[in-house]
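Written out below as structure tokens is the structure these notes cover.
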Amino acid sequence: MLVILVVGAGPAGSLSAMLLGRENEVLIAEEHQSAGFPVQCAGLISKECFSRYRKYCRINKAVENEIKGAFFFSPSGNFFEARGEAFVVERKVLDEMLLSKASEFAEVFVKTKVKFKGKKAVLGKREVDPDFIIGADGVCSEVARNFGFERPNFYSAIQIEAKFEALDEKFVEIYLGKNYSDFFAYAIPIAETAKIGVIAKRNALSYLRNLIEKHPSVSKRIRGSVVELNSGLIPANLVDFVKGNVALVGDSAGMVKPYSGGGLFYLLIAAEKLAENFPNLEGYRRAFMKELGREIRLGRKLRNLYGLEDREVETIVNSLKDFDFSKLNMDKPSTILRWENFLSILKLILSNPSIAKFALKVLRS
């Protein structure tokens with residue numbers, strides 16, 4: 001029986017341990033007291049992602065809100081509506097459930113920072129010589145650093161929870177414009193409060209202040225003081241995630257959607273592909289890229305939209321008010337290229353020639 005050390009007990013680590021532990025001896029080490037700490041995720045996932053997690057835990061217990069769509073705001077406060085089902089989940093609850101399930105298949109060590117001596121690992125007072133090492137230890141991965149993996153670039157993320165008068169409590173709000181982020185800002189409603197945050201290359205806190213104090217719509221709808229504050233890093237690009245008998249999964253590998261920073265869907269696919277191909281790590285790499293490589297490449301193109309000038313964003317927001325988004329998949333940008341969606345986009349371009357110019361600018365950059 002092979003011995004596998006999984007470092008990190010977030011969703012990537014717990015899912016990997018759960019799936020690999022059915023036929024192997026698995027040890028999972030987490031440096032914090034419990035899974036899901038510190039919180040570094042807004043918890044918005046697609047309907048498909050929600051359904052796939054139901055195979056591994058009772059994810060409905062972690063649901064904070066059921067989402068019916070999103071409002072995309074221009075810098076001036078103008079917006080369009082995009083319908084699509086999604087869920088907001090409480091990451092602390094989700095992470096704890098996944099780790100609890102993983103503990104049925106693996107030996108779990110919490111408050112344990114792994115130290116490496118060559119290929120051996122020290123877990124507290126215990127030294128192990130694993131056959132394979134899985135790095136699921138996040139953006140500052142010790143596994144990646146120790147074994148010489150390339151590290152991804154990062155975005156900064158900062159989020160508050162505060163009382164907020166949402167336009168519709170079932171709709172997420174996305175805010176575009178260079179005064180509010182060089183990536184994007186958002187509000188995710190939960191009952192009377194909302195998770196309000198900014199993802200940015202730099203100066204995330206400054207952008208957040210602008211959003212809550214100066215945005216023509218947001219600034220008028222925040223009520224009361226901040227309930228909770230969280231911050232963290234989000235990887236900006238996928239890196240090579242296999243080297244010898246070591247593999248990375250999740251944020252440590254930069255496995256996030258390039259246009260949103262969300263990683264729960266990608267890491268789930270990665271853990272499944274790892275288990276399906278284990279112990280062939282090269283097979284894991286190929287299977288993951290076959291499943292999601294195209295989505296990642298297209299996602300990078302979509303991310304270029306955030307680099308448009310404010311006046312260009314205003315034009316796009318006005319042009320998309322009548323576009324039907326219901327057939328698009330928030331996890332898979334390739335759905336834009338499906339025939340029925342392509343026809344809608346072609347119609348949009350013909351009626352708004354300026355959109356074609358912006359599309360070419362994004363695709364070429």
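Here the structure is a predicted model, which is why all the values come from computation and not from measurement. Counting begins at 1 with the first residue of the sequence.
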What residues form a ring pair (Phe, Tyr, Trp, His ring centres under 6.0 Å) with [X], not counting sequence neighbours?
X: Tyr155; result: Phe183
X: Phe288; result: Phe241
X: Phe171; result: Phe71

Can you tell me if Glu48 and Asn329 form a side-chain donor-acceptor pair at under 3.5 Å?
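Side chains of Glu48 and Asn329: pair found under 3.5 Å.
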Quick one: do the Ser219 and Glu213 side chains pair a donor with an acceptor below 3.5 Å?
no
Who are the side chain to side chain contact (heavy atoms under 4.5 Å, CB included) partners of [X], not counting sequence neighbours?
X: Ala144; answer: Ser141, Phe149, Arg151, Leu248
X: Lys117; answer: Val122, Glu127
X: Leu2; answer: Asn24, Asp131, Phe132, Phe278, Pro279

Ion pair Glu295/Arg297, N-O distance below 4.0 Å:
no
With sequence neighbours left out, what residues match Asn203 under side chain to side chain donor-acceptor pair (under 3.5 Å)?
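Not a single residue meets the side chain to side chain donor-acceptor pair (under 3.5 Å) criterion with Asn203.
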Residues which pass side chain to side chain donor-acceptor pair (under 3.5 Å) with Glu282, listed by chain and number, not counting sequence neighbours
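Testing Glu282 for side chain to side chain donor-acceptor pair (under 3.5 Å), a comparison that skips the adjacent residues, returns Arg285.
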Pairwise side-chain hydrogen bond (donor to acceptor under 3.5 Å, both in side chains) hits with a residue in residues 257-266, at least two apart:
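As it turns out, the side-chain hydrogen bond (donor to acceptor under 3.5 Å, both in side chains) pairs with a partner in residues 257-266, which skip direct neighbours, are Lys257-Asp331.
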Provide the full list of side-chain hydrogen bond (donor to acceptor under 3.5 Å, both in side chains) pairs with a residue in residues 168-197, sequence neighbours left out, each pair given once.
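Sorted result for residues 168-197: Glu64-Lys195, Asn65-Lys170, Gln159-Tyr186, Glu161-Thr193, Glu173-Tyr175, Glu173-Arg221.
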If only atom types and distance count, is the side chain of Arg223 paired as donor or acceptor with the main-chain N or O of Lys220 below 3.5 Å?
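The answer is yes, because a donor-acceptor pair under 3.5 Å joins these two groups.
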Under 3.5 Å, side-chain donor or acceptor atoms of residues 97-111 against the rest of the protein: list the pairs with distances, not counting sequence neighbours.
{"unit_1": "Lys101", "atom_1": "NZ", "unit_2": "Glu104", "atom_2": "OE1", "d": "3.4"}
{"unit_1": "Ser103", "atom_1": "OG", "unit_2": "Ser100", "atom_2": "O", "d": "2.4"}
{"unit_1": "Glu107", "atom_1": "OE1", "unit_2": "Arg126", "atom_2": "NH1", "d": "3.2"}
{"unit_1": "Glu107", "atom_1": "OE2", "unit_2": "Arg126", "atom_2": "NH1", "d": "3.2"}

What pairs of donor and acceptor atoms, side-chain ones from residues 13-22 against any protein atom, are under 3.5 angstrom apart with sequence neighbours left out?
{"unit_1": "Ser14", "atom_1": "OG", "unit_2": "Ala9", "atom_2": "O", "d": "3.2"}
{"unit_1": "Ser14", "atom_1": "OG", "unit_2": "Gly10", "atom_2": "O", "d": "3.3"}
{"unit_1": "Ser16", "atom_1": "OG", "unit_2": "Ala12", "atom_2": "O", "d": "2.8"}

